[in-house]
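Before any comments, here is the structure.
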Amino acid sequence: MNDKIVITFPDGNKKNFDKGITGYDVAYGISPALAEQALAVSLNDKVCDLYLPINENVSISILKRSAEESLELIRHDCAHVMAEAVQKLFPETQVTIGPAIENGFYYDFSRKKPFTVDDLEVIENKMHEIIDADTSFIREVWDRGKAIKHFSNIGEQYKAEIIKELPESEEVTVYKQGDWMDLCRGPHLPSTKHVGKSFKLMKVAGAYWRGDENNEMLTRIYGTAWRNDKELRTYLNMLKEAEKRDHRKIGKEMKLFTFDEEVGPGLPLWLPNGSVLIEELERLAKETEQKAGYDRVKTPHITKGSLYEKSGHLSHYKDSMFPAMDIDGNEYYLKPMNCPHHHKIYASLPRTYKDLPIRLSEYGTCYRYEKSGQLFGLMRVRSMQMNDAHIYCSEDQFKEEFLAVCKMYLKYFDIFGIEKYEMRLSLHDKDKLGEKYVNESELWIKTENLVREALEDGGLNFVEIPGEAAFYGPKIDVQVWSAIGREFTLATNQVDFAIPSKFDLTYIDKNNASQTPLCIHRAPLGTHERFIGFLIEHFAGNFPLWLSPMQMIVIPISDKFNDYAVSICNKLKDNDFRVRIDSRSEKMGAKIRDAEIDRIPIMIIVGENEVNSNTISIRRKFKGNLGSLSIEDFVDQTNQEIKTRSFTVKNS
RNA sequence: GCCAUUGUAGCUCAGUUGGCCAGAGCGGCUGAUUUGUAAUCAGCGGGUCGGGGGUUCGAAUCCCUCCAAUGGCUCCA
């Protein structure tokens with residue numbers, strides 16, 4: 001009885017087997033062909049080696065190459081094969097870790113001379129040899145002491161360090177492939193040939209040992225690996241398409257913004273076309289906030305250090321601030337956030353419960369010192385305009401105010417057609433109170449509960465992330481994914497329970513008692529820089545009409561119709577459309593082509609027919625020739641489209 | 001900030017075993033053409049080869065250094 005086990009198959013069938021049987025044997029029992037194709041088994045939903053002895057009752061499923069789980073195995077094994085190739089070619093290299101990741105894998109190596117892109121081809125060729133040799137992956141369980149000694153002896157200090165820090169409960173396993181081996185938890189494929197050839201080494205990068213910037217810099221090689229060549233090609237093609245949407249490339253093409261070495265890194269210059277985008281976003285935000293009861297304020301860009309000492313910025317946020325400048329013996333800082341100024345505006349008048357909630361908004365430019373290596377187009381800059389506001393309210397009002405802000409996010413996402421997003425509730429880490437976070441343990445817990453409740457009551461989906469809160473309170477970040485698959489925090493929403501009291505912000509409640517308000521920081525459009533960077537990639541530069549820097553272009557068919565075209569253009573300008581005329585002595589086809597390349601949504605073509613019938617002919621990007629109509633009808637239709645901020649044009 | 005790569009005309013890019021006045025396409029300018037839904041033809045301009053220093057008879061090309069960008073690491077809106 002002890003030497004028999006029951007294995008349950010995916011279809012629910014159960015069968016008895018001898019204890020110690022392997023997944024391969026089970027598969028072979030079904031059909032030899034299946035055993036040949038099997039890469040691994042899933043035992044009770046845990047992926048395991050095909051040759052691992054099975055000693056207890058389990059449910060099994062045989063994983064073939066086509067299985068979703070196989071991808072991770074292929075990628076992980078590809079990392080191992082790469083590590084072997086690297087050590088064969090460059091024996092002075094130490095190995096560290098090499099996991100499978102989204103779309104591929106990487107392996108971190110320690111070597112005095114970092115690898116360069118030129119090494120990649122050589123390594124790839126060696127990998128092909130290893131895969132062709134088809135050596136088996138063999139799992140061995142080692143004694144901990146023996147393993148540490150072994151890896152120390154062969155000069156693999158990092159591996160020895162990893163083993164030392166493995167929990168006692170965990171077995172130390174080593175996988176051999178031919179004469180090469182690696183410390184690894186597994187699972188692995190049966191042999192190297194199963195890795196296949198649908199992989200490509202992509203790039204080299206530096207990476208800190210254990211992700212800590214105080215540690216040694218290792219050299220990381222990234223690769224991508226897939227089940228077959230078709231998947232690989234699709235992925236590489238996707239990368240190529242994504243490149244075309246890169247906001248830096250489109251920004252240049254459309255003359256939206258620029259950076260200038262003499263101005264400084266991370267300091268964008270907004271060109272006229274890009275400024276239209278900012279102004280349209282502002283208009284949207286101002287309209288929305290006007291209706292939602294916000295008051296607009298303006299505050300200065302520099303401020304005395306003492307204010308930031310009070311707010312806690314100098315103790316918690318100084319690394320992200322530009323250094324102080326000396327003005328008349330006082331230290332002044334460029335503002336990294338608007339909140340202290342808004343607190344001062346709140347404090348400028350006595351407040352009562354009848355005044356609350358007070359919602360102060362500002363399109364303020366803030367300055368943050370970002371380390372040079374992390375600047376990235378418009379997405380990470382050093383000067384940024386925020387769609388910022390602070391809501392001061394009583395605890396009773398909190399939930400309603402908070403949810404109203406969340407709903408505002410959703411309204412914006414609807415306008416921009418943002419479908420994939422995730423709300424993240426970032427919580428504090430109690431081990432870092434007083435260090436990374438203001439030291440108010442009870443208030444943290446209380447506020448976090450308040451926020452969680454509000455989110456739950458509002459029926460909003462969210463995930464919780466420990467240790468990512470702002471220094472003054474929990475925050476809700478809204479992550480969105482751009483068309484290129486890059487992930488960004490666009491909007492942010494934070495609750496501040498600590499600073500209002502530091503600023504002695506008060507209001508008189510119904511019982512004539514003095515109370516401290518809660519403060520909600522919110523920026524639904526985040527910074528305009530990042531938001532626009534995102535929108536460029538999202539729309540691939542083909543903005544909806546209301547946002548388009550140039551909305552329409554009038555194209556006279558020949559010089560003979562220039563006068564008519566000018567009169568049309570003027571009428572459209574009178575209606576506040578952004579329009580220009582293309583009166584070059586070019587053929588119509590050329591003018592249309594240029595307008596298409598410039599991503600102008602509407603082309604207005606006028607020639608003899610239009611002059612005679614007093615009409616205009618409309619061509620729309622992505623739709624082509626729409627025929628002719630009167631200018632009045634066109635103005636009405638177009639106004640409607642702009643006013644409702646609709647986006648009828650789907651990107652292709 | 002750290003590791004790697006890159007920097008040539010407004011844009012995209014050739015040109016590197018160091019050697020004739022540094023090239024192309026597009027854009028621009030001028031002229032011709034007067035055009036019906038994605039490129040009319042011809043001519044002409046345009047470059048401190050990222051900045052500085054060095055090696056050399058000679059540097060876009062080799063070396064040093066600074067700046068900037070790109071891909072990552074770390075950090076973040």
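Treat the numbers as computed from the prediction; the structure is a model and nothing was measured. Every chain is numbered from 1, with letters handed out A, B, ... down the list of sequences.
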If I pick the P atom on G52(B) and the same atom on U8(B), what distance separates them, to the nearest angstrom?
15 Å

Taking the minimum atom-to-atom distance to the side chain of Lys475(A), which one of U40(B), A77(B), G36(B) wins?
A77(B)

By the 4.0 Å heavy-atom rule, please label Thr489(A) as base, sugar-phosphate, or nothing.
sugar-phosphate

Does the separation of the ring centres of Phe534(A) and Phe416(A) fall below 6.0 angstrom?
no

I'd like the C1' distance from U56(B) over to G18(B), given in whole Å.
9 Å

Where the side chain of Met217(A) is concerned, which of C2(B), A39(B), U37(B) is the nearest nucleotide?
C2(B)

Please indicate whether Arg283(A) has more than 12 foreign heavy atoms, meaning atoms of other residues, nucleotides or ligands, lying under 6.0 Å from its CZ.
no

Which value, in whole Å, describes the distance between the C1' atoms of nucleotides G15(B) and G25(B)?
15 Å

How would you label the contact of Glu370(A) with the nucleic acid (heavy atoms, under 4.0 Å): base, sugar-phosphate, or nothing?
base

With the sugar-phosphate defined as primed atoms, P, OP1 and OP2, and the base as all remaining atoms, what B/S/- string results for nucleotides 64-71 of chain B, 5' to 3', for protein heavy atoms under 4.0 Å?
---SSSSB

Counting only heavy atoms from other residues, nucleotides and ligands, does the tally under 6.0 Å from CD of Glu92(A) exceed 12?
yes

Assign Gly211(A) to base, sugar-phosphate, or nothing according to its heavy-atom contacts below 4.0 angstrom with the strands shown.
sugar-phosphate

Could you tell me how the ring of Phe322(A) sits relative to the ring of Tyr369(A): parallel (under 30°), tilted (30 to 60°) or perpendicular (over 60°)?
perpendicular

Using a cut-off of 4.0 Å on non-hydrogen atoms, how would the nucleic acid contact of Leu490(A) be classed: base, sugar-phosphate, or nothing?
sugar-phosphate

Please classify the nucleic acid contact of Arg530(A) as base, sugar-phosphate, or nothing, using heavy-atom distances under 4.0 Å.
base

Nearest to the side chain of Lys560(A) - A77(B), U35(B), G36(B)?
U35(B)

Considering residues, nucleotides and ligands other than Glu596(A), do more than 12 of their heavy atoms fall under 6.0 Å from its CD?
yes

What's the CG-C1' distance between Asp594(A) and A39(B), to the nearest Å?
8 Å

Can you work out whether Tyr222(A) or Val117(A) has the more 5'-proximal nearest nucleotide on RNA chain B?
Val117(A)

Nearest-nucleotide pick for Thr116(A), side chain only, options being A38(B), U5(B), G36(B):
U5(B)

Can you list the steps and then say if Tyr333(A) with His313(A) is a ring-ring contact (aromatic ring centres under 6.0 Å, His included)?
CA-CA 11 Å; Tyr333(A) 288 88; His313(A) 284 87; over 10 Å; no

Base, sugar-phosphate or nothing for Lys249(A)? Non-hydrogen atoms, less than 4.0 Å.
nothing

Name the nucleic acid region contacted by Ser617(A), choosing base, sugar-phosphate or nothing; use a 4.0 angstrom heavy-atom cut-off, strictly under.
base

Could you measure between the two P atoms, the one in G47(B) and the one in G31(B), and give it in whole Å?
22 Å

Interatomic distance, Gln479(A) CD vs C76(B) C1' [rounded to whole Å]
11 Å

Please determine if a side-chain N or O atom of Arg619(A) lies less than 4.0 Å away from the OP1 or OP2 oxygen of A38(B).
yes

Taking only the side-chain heavy atoms of Arg584(A) (C-beta and beyond), determine which of G28(B), U35(B), C73(B) contains the nearest atom.
G28(B)

Is Glu610(A) touching bases, backbone alone, or none of the nucleic acid, heavy atoms closer than 4.0 Å?
base

With C1' as the reference atom in both, quote the distance from G58(B) to G19(B) in angstrom, rounded to an integer.
7 Å

Quick one: Met588(A) CE to A39(B) C1', roughly how many Å, whole number?
12 Å

Working note: Thr615(A) + Glu610(A), criterion side-chain hydrogen bond (donor to acceptor under 3.5 Å, both in side chains); need CA distance, chi angles, decisive distance, verdict.
CA-CA 5 Å; Thr615(A) 57; Glu610(A) 287 74 20; 5.2 Å; no

When you look at Asp496(A) and His521(A), which way does the side-chain hydrogen bond (donor to acceptor under 3.5 Å, both in side chains) test go after all the steps?
CA-CA 7 Å; Asp496(A) 188 338; His521(A) 303 234; 3.0 Å; yes

Taking the P atom in each of A59(B) and C20(B), what is the distance between them to the nearest angstrom?
11 Å

Taking U65(B) as the reference, what is the distance to C26(B) when you measure between their P atoms (whole Å, please)?
42 Å

Is the centre of the Phe105(A) ring less than 6.0 Å from the centre of the Tyr107(A) ring?
no

In whole angstrom, give the distance that lies between atom CD1 of Ile592(A) and atom P of U35(B).
15 Å

Indicate, with a heavy-atom threshold strictly under 4.0 Å, whether Asn609(A) touches base, sugar-phosphate, or nothing.
base

Considering only the P atoms, how many Å lie between G46(B) and C29(B), rounded to the nearest integer?
16 Å

So, is Lys252(A) close to the U12(B) phosphate, meaning a side-chain N or O under 4.0 Å from OP1 or OP2?
yes

If I take atom CD in residue Glu596(A) and atom C1' in nucleotide A38(B), what distance separates them, rounded to the nearest angstrom?
6 Å

Please tell me which of the listed nucleotides, U40(B), C76(B), A77(B), lies nearest to the side chain of Glu586(A)?
U40(B)

With heavy atoms under 4.0 Å as the rule, sort Glu608(A) into base, sugar-phosphate or nothing.
base

Between Arg296(A) and Glu289(A), does at least one N-O distance fall below 4.0 Å, as a salt bridge requires?
no

